[in-house]
Amino acid sequence: MPAALPRPATALACVALALSATACGPFGGDPAGPELVTRAIKATESARSVTVHLGGLSLMVPTKGHVSLDTRGNCTATMSYGTAGTAELIKINGKDVYLRRDETLLRTQERHRSPKELNALVDTVRGRWTRPPLDGPDAPAELTLCDRVPLPPGLGNGWDDDSANGEPATVDGHRARKLVRRDSEGETAVYVAAEGPPYLLKIVTTGGDSPGTTAYAHYDRPVEAKAPPPEDIVLTD
């Protein structure tokens, strides 16, 4: 699958949604919060494509990036790891993968090499794309960005009717339903589209080990993943 948000529901869409037990109109007849979260996760994971914008902390490292993926196996991703550097990834038809790391990330991830080997690698690879292995110990961690739609860990757990009744909200001008889950570590606010399929629009997590914001857009638009120019690709050991 991976920014237009879901289109407003039309009269025909309302009929179709009613047949699938998803209500039209503001929130009357909507499923309870826990059920809506489950539906939103399923709808988002089964969308033909989606773009996800990520920002927050992971293991106390600030991260920021985006991932666009579709069900044809196409994916483009960019992820920055604070001062550790930035990686870019292109995946085409689920099999052809290209990775580009800036010099900072190269030096961070390849620091096990001798200074001479590392400098030679940086001189060769700087600003260019590589063809990394898709599996095994040398497969880059960034490949997991394109495996599935990014969702915060445990998003579907811990909801109950009292904490997830929901309230009207807007996300970038689009009508949404806001559901909130609180625990001893912090709060998770989930914004679900109130018109059309119950796609996830935004998730905001505060407190805990991985606070941050995840935004979802570009639903059901094909991902344009193209191979870099041949002169920008280098083979490495």
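These numbers were taken from a predicted model, which means no experiment stands behind them.
Leu179 places a side-chain heavy atom less than 4.5 Å from the side chain of Trp159. Within the 4.5 Å cutoff, side-chain heavy atoms of Val125 are placed close to those of Thr130. No side-chain heavy atom of Thr76 sits less than 4.5 Å from a side-chain heavy atom of Leu89. Looking only at side-chain heavy atoms (C-beta outward), Val180 and Arg182 come within less than 4.5 Å of each other. Leu201 places none of its side-chain heavy atoms less than 4.5 Å from the side chain of Val192. Between Thr86 and Leu105 the shortest side-chain heavy-atom distance does not fall below 4.5 Å. At a threshold of 4.5 Å between non-hydrogen side-chain atoms, the residues Val190 and Arg181 do not count as touching. Looking at heavy atoms from C-beta onward, Pro222 lies in side-chain contact with Arg72 at the 4.5 angstrom threshold.
Every residue meeting the salt bridge (Lys or Arg N to Asp or Glu O under 4.0 Å) condition with Glu110, not counting sequence neighbours, appears here in chain and number order: Arg101, Arg113. For Arg128, there are no salt bridge (Lys or Arg N to Asp or Glu O under 4.0 Å) partners at least two apart in sequence or on another chain. Listed by chain and number, the residues in a side chain to side chain donor-acceptor pair (under 3.5 Å) with Thr214 amount to none (sequence neighbours excluded). The salt bridge (Lys or Arg N to Asp or Glu O under 4.0 Å) test applied to Asp123 returns Arg126, not counting sequence neighbours. Scanning for side chain to side chain contact (heavy atoms under 4.5 Å, CB included) contacts around Thr213 gives Lys202, Val204, with sequence neighbours left out. Partners of Thr205 under the side chain to side chain contact (heavy atoms under 4.5 Å, CB included) rule, at least two apart in sequence or in another chain, are Thr188, Ile203. For the salt bridge (Lys or Arg N to Asp or Glu O under 4.0 Å) test, residues two or more places apart in sequence or in another chain that qualify with Asp96 are Arg131. Remark: Asp232 pairs with no residue by the side chain to side chain donor-acceptor pair (under 3.5 Å) rule, at least two apart or across chains. For Glu88, the side chain to side chain donor-acceptor pair (under 3.5 Å) criterion is met by Arg100, not counting sequence neighbours.
Of all heavy-atom pairs spanning Met60 and Pro62, the tightest one is O-CD, 3.9 Å. Of all heavy-atom pairs spanning Pro198 and Leu36, the tightest one is CB-CD1, 4.2 Å. Between Pro133 and Leu143, the shortest heavy-atom contact is O-CD1, 3.5 Å. Residues Val67 and Cys75 share a closest heavy-atom pair of CG1-SG, 3.9 Å. The two residues Lys95 and Leu134 have their closest heavy-atom pair at O-CD1, 3.5 Å. Across Lys178 and Ala189, no two heavy atoms sit closer than the pair CE-CB, 4.0 Å.
In this structure, OG on Ser46 lies 10.0 Å from CZ on Arg48, to the nearest 0.5 angstrom. To the nearest 0.5 Å, atoms CG (Asp147) and NZ (Lys91) are separated by 5.5 Å. Thr71 OG1 to Asp220 CG: the interatomic distance, rounded to the nearest 0.5 Å, is 9.0 Å. Atom CG in Asp102 sits 7.5 Å away from atom OG in Ser80 (nearest 0.5 Å).
Using the six-membered ring where Trp is involved, His53 and His66 have ring planes that are tilted, between 30° and 60° apart.
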*For side-chain hydrogen bond (donor to acceptor under 3.5 Å, both in side chains), just list the numbers for Tyr219 and Thr44, CA-CA rounded to whole Å, side-chain angles, deciding distance to a tenth of an Å, and then say yes or no.*
CA-CA 8 Å; Tyr219 278 104; Thr44 298; 3.2 Å; yes
*Is there a side chain to side chain contact (heavy atoms under 4.5 Å, CB included) between Arg111 and Thr108 once you walk through the steps?*
CA-CA 6 Å; Arg111 59 185 180 274; Thr108 299; 3.5 Å; yes
_Step-by-step side chain to side chain contact (heavy atoms under 4.5 Å, CB included) determination, Asn93 to Asn74_ = CA-CA 5 Å; Asn93 296 327; Asn74 295 318; 3.7 Å; yes
*Test side chain to side chain contact (heavy atoms under 4.5 Å, CB included) on Leu200 and Leu151 and set out the steps.*
CA-CA 10 Å; Leu200 292 170; Leu151 295 169; 3.5 Å; yes
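Tyr191 and Thr170 are not linked by any side-chain donor-acceptor pair at a separation below 3.5 angstrom, with hydrogens and angles left out of the test.
No chain of hydrophobic side-chain contacts below 4.5 Å, direct or via other Ile, Leu, Val, Met, Phe, Trp or Tyr residues, connects Val234 to Val97.
Within the structure, salt bridge (Lys or Arg N to Asp or Glu O under 4.0 Å) pairs that include any residue of residues 58-67 do not occur (at least two apart or interchain). For residues 134-145, no pair satisfies salt bridge (Lys or Arg N to Asp or Glu O under 4.0 Å), with sequence neighbours left out.
In this structure a side-chain-to-backbone donor-acceptor pair under 3.5 Å is missing from Thr63 to Tyr81.
In this structure, Ile92 belongs to a hydrophobic cluster whose other members, linked by side-chain heavy atoms under 4.5 Å apart, are Ile90, Tyr98, Trp129, Ile233.
Annotation for Asp183: atom CG counts as buried by contact number, over 12 foreign heavy atoms lying within 6.0 Å.
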